[in-house]
Amino acid sequence: MKTLIKLANLKKVFSTDEVETHALSDINLQVRQGEYLSISGPSGCGKSTLLSLLGLLDTSSGGNYTLNGHEVADINSKQRAAIRNKEIGFVFQSFNLISELTVAENVALPLTYRKDISKTQRHEMVTAALEKVDMAHRTKHYPSQLSGGQQQRVAVARAIAGNPSIILADEPTGNLDSKNAELVMSLLDKLHAEGATICMVTHDPRGAKRAERIIEVFDGRIVSDSIVNSDDIEEAVA
Amino acid sequence: MNIFSDINFAFRTLIKNPKFTALTVFVMTTGLTLCIYMFSFIQGTMVAPLPFKDGERIRAVDMIYNGMTYQGTSIRVPDFDDLKKRVQSYEVFDAYDIGTVNLSTNDRAVKYTGHYVTENFFKISEAKPLLGRLLTNDDGLSGAEPVAVLSHTLWQSLFAGDADVLGKKLRVNTKPTTIVGVMPDSYQFPDAGRIWLPYTTTGVGVERSKSDYVAVYGVLKPEVTDEQANAEIKSLMAELEVKYPKLNSNTSARVWTIQEASMGDGTAVIILAMELAVGFILLLACINVGNLLFSRATEKGKETAIRTALGAPRSTIVMQMMWESVLICTISGVLAVLISGLWLEQSNRDLLEAFPFDPPFWWNMVITETSIVAAIVITLTTAFVTGILPALKATSGDFNATLRDGTRGAQSKSAGRLSKVIVVSEVVLSCALLLLSTGMVYSVHQQNSIDYGTTIENIFTVRVGLPEAEYKSLEKRQQYYQNIISSLQAKPEVADVSLTRTLPGNWASYENIAIDGVDYGKKPQYPSSNSVGVAHNYFQVMEVNLKSGRVFDSRDKIDSPLTAIVTENFVKKYYKDGDVLGKRFKFIETDQDWYTIVGVVNNVLHGQPTSLNIEKPTAFVSLQQTPKRFVSITVKTVAADASTVVGLSDIVTSVTQKIERDAPAYDVKTLRASIEERNAGMNFVSELFLVFAAASMVLAFSGIYGVMSNTIVQKTQEIGIRRALGADESDIYKHFIIQGIKQLSIGLVIGVPMGIALVKMLEQSSLAQGSLMLYIVIPALISAVIFMAIYYPVQRALKLEPCSALRYE
Ligand SMILES: Nc1ncnc2c1ncn2[C@@H]1O[C@H](COP(=O)(O)OP(=O)(O)O)[C@@H](O)[C@H]1O
Ligand SMILES: [Mg+2]
């Protein structure tokens, strides 16, 4: 399969009030289309930062990032926005739904930033996405009227509504009980089965076991990168 | 927790946040100061009863003629006599007369306004003489010894405060008169008098049309309302109109308080406008402070929820927030009372300087008990409104939802709605208020810069009144005119001299006329026109342009047919075809011969520059043909600005003194000053509205900016989410601008018509003037503020990388 993401010596330094935090150093990573990647590591090791860079939510302090054959550093902010919109779907630990918008409006949001989608098309895509996460019966509800698991399913629907090629999930089950976590994880499985590329941050071993490839980060560096199958998952996590 | 620890807690919170406290106190103080100032001003000048026992029931009765109220000596004596016989609403119904009197002692002559009064006049105004006695009704009987009561001022200036003044003589209009009393300095009713003489004006033996006018006043019976009194006087006047169609056509009367009368026709409207304006400003202040308290309460929403979860009763939490706003409003209230007190004092001083007359004696522009009570009530109400509502709102949410809320950071939905309502109301209020105040300021500006139709800056004026007895003969009056003009012209400072009955900008006599050839029917509704007598060189001296025909000249003699020169308004109104030369009209009341129109000149404005006066027609008549005793001398200076000529008033007064000792000059001033004095009241009100405009602008604009930018800051995380989902910068701007436009349009759709309606309301009394420019500029200004309040905070939020925006708390 074709290489979608290529990171070479990627660096991220946060400098605040004379303190320099080297959140990421010398990250080299390639992700092929259709891969299911799990990123794990202790808190503060730089997982979210890595995901932000992958999702073009932040700019690196050094190194190269090639996305789909394009050098990210050469892309202007308008084009980045377009890439985030079409190619990337985000799922956050804290759901990040917009409280003033209904479920349907939240899901439709990324589609409204596209000029090439008609209203009816948008409606169809929203309905399809909500059906996939089994939330089509709650379109008129507001986020505060939903349980955490339901909110996260809506967030997943929003991430996939525009058929992105990559889904970036940052601890998507971190705020959920095990039952709801299971539901969301199987959703991601399903999406993967349909061909989506998934990068997911998790420190939940049950989550990690679903991935094909596990990246371990420690202190801003990738310390292990292993392809796994479901049989030897216990060993990989241990 | 008990109350004291609650207060203590609130106090500590305020001290811990000095910026927040200073801001809220500033906003609240601004609102309360304007409110208390306005309340005390209206109370002290117009509402509080006259300081007499029956002060609440004392009324002036004034004539309405052609829809306009004429004040003071406005009722014809026979009308007054008829009314007095028939009115039922009054305990006292009486008249006094006002006349200019020449006073002379052995060594000097002066001219003052004298009041001709009855016993009632002194009784209802609770007069107590400083020396001697008051006037009695017997003093007014024919054959009684002529007596007078002097004011404190005259006693000082004419007799140097001589304690033995009683019994001394003074010539009043050349008649030797005995001084029987002196009034204390404090006595004023209804304005500052100089000398009081017995009321002798009578309609007996005088032809109705030639009779004098008197000022009528009364004390209402306790149970009679103003509506009843007005209805009565109107119906009685209507009967007189039927009985005397020629004299009384278009004539009615009104009953109002002396305070109202002193402020004139538009008073009620001005008061309403002022009350609305301060009400709006206070509302703006409340909204802003309430919003500041509320947004802080929502910031602490989680803390509140946790405390509720831990069992703190809602009332405790509400009370703590309440105390904060009570403290803020109390501090502001105290500051507001102090500031408005100082401001009132300043206004008192300003008014003393700016007004051409002494302020009315009942004016008491200070903080009184009533204003303190009002201040307390207003302060507590605002404390309640700004405290309890946000507190209830902030604690009303399901605390469980707050704790659970997964859409963290973002504003709660109802808070979002509230801030929209706030922005909309601030747009409405500021728009209406700005339109109203700029409309007033604009109209005063227009009026001050209006063309009076004559030259102004190089004119100096004095008024003289020739003594009646000596100047019965018209030829003698003409002789005087001749002398005064030639003597003044001889002075090197003087370029030219003329005479007029009425100066530009001053009230001209507005008389019913009949146009030759028009049948006015059985119940005549006569048209009217200003009538102004002028010397023949008036148009040339005053630079009034002749439009057609000729100006007065030697053909217009005392014994030749009467001629008149009319203004363009006159032609426009009464000779639609423009063919006017040679046409005739006459003045109904004086019932003289026909006047033939020989010329047309440009419009000259008499009275204040209101639209009504601007459109009034004027007929100039010749002072040579109808010489009058009272005239204004207009002295054109060589200098372009008459106010720069040193010693001019001495020159003019000494010349007048030399020519006629018993006709001293008075109202000695430049024409510009005389016009400005007349507009002083209006300028004062407009300056007040300028303050309102400024205050509303500061409050509304800072409020709008605060609420909008706060909303956007609180939405930083939402901006991050939207960007993560693919919104580019222009999408984000667009999103907020569309929201802003929604609120703006709702606000403007309500606010603009409201403001225009207020302006229209005041336009009727010529207190405001709308202009398309203002109707565009004000909404544009408010829109600009909204866009700035969106643009800058959004720009700041966009400077963050999306991932930092997402982390923003
Ligand atoms: N905006 C920021 N400013 C400063 N330091 C940051 C910022 N974001 C992350 N960091 C730091 O970078 C490191 C990596 O953070 P993060 O990627 O969030 O860790 P993880 O997601 O693995 O828990 C941490 O030390 C964190 O404190
Ligand atoms: Mg993280």
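All heavy atoms count here, side chains included; hydrogens, waters and symmetry mates do not. In what follows, every chain begins at residue 1, and chains take the letters A, B, ... in the order their sequences are listed.
- For A:Glu100 and B:Lys715, the salt-bridge test passes: some basic side-chain N is under 4.0 Å from an acidic carboxylate O.
- Heavy atoms of A:Arg158 lying under 4.5 Å from chain B belong exclusively to its side chain.
- Between A:Asp58 and A:Lys12 there is a salt bridge, with a side-chain nitrogen of the basic residue lying less than 4.0 Å from a carboxylate oxygen of the acidic one.
- The closest side-chain donor-acceptor pair between A:Glu87 and A:Ser165 falls under 3.5 angstrom.
- In this model, a donor atom of one side chain and an acceptor atom of the other lie less than 3.5 Å apart for A:Asn180 and A:Asp177.
- For chain A, no part of B:Ser804 is nearby; none of its heavy atoms comes within less than 4.5 Å.
- Interface summary for chain B: among A:Leu111, A:Thr112, A:Thr49, A:Leu57, the most heavy-atom pairs under 4.5 angstrom belong to A:Leu57.
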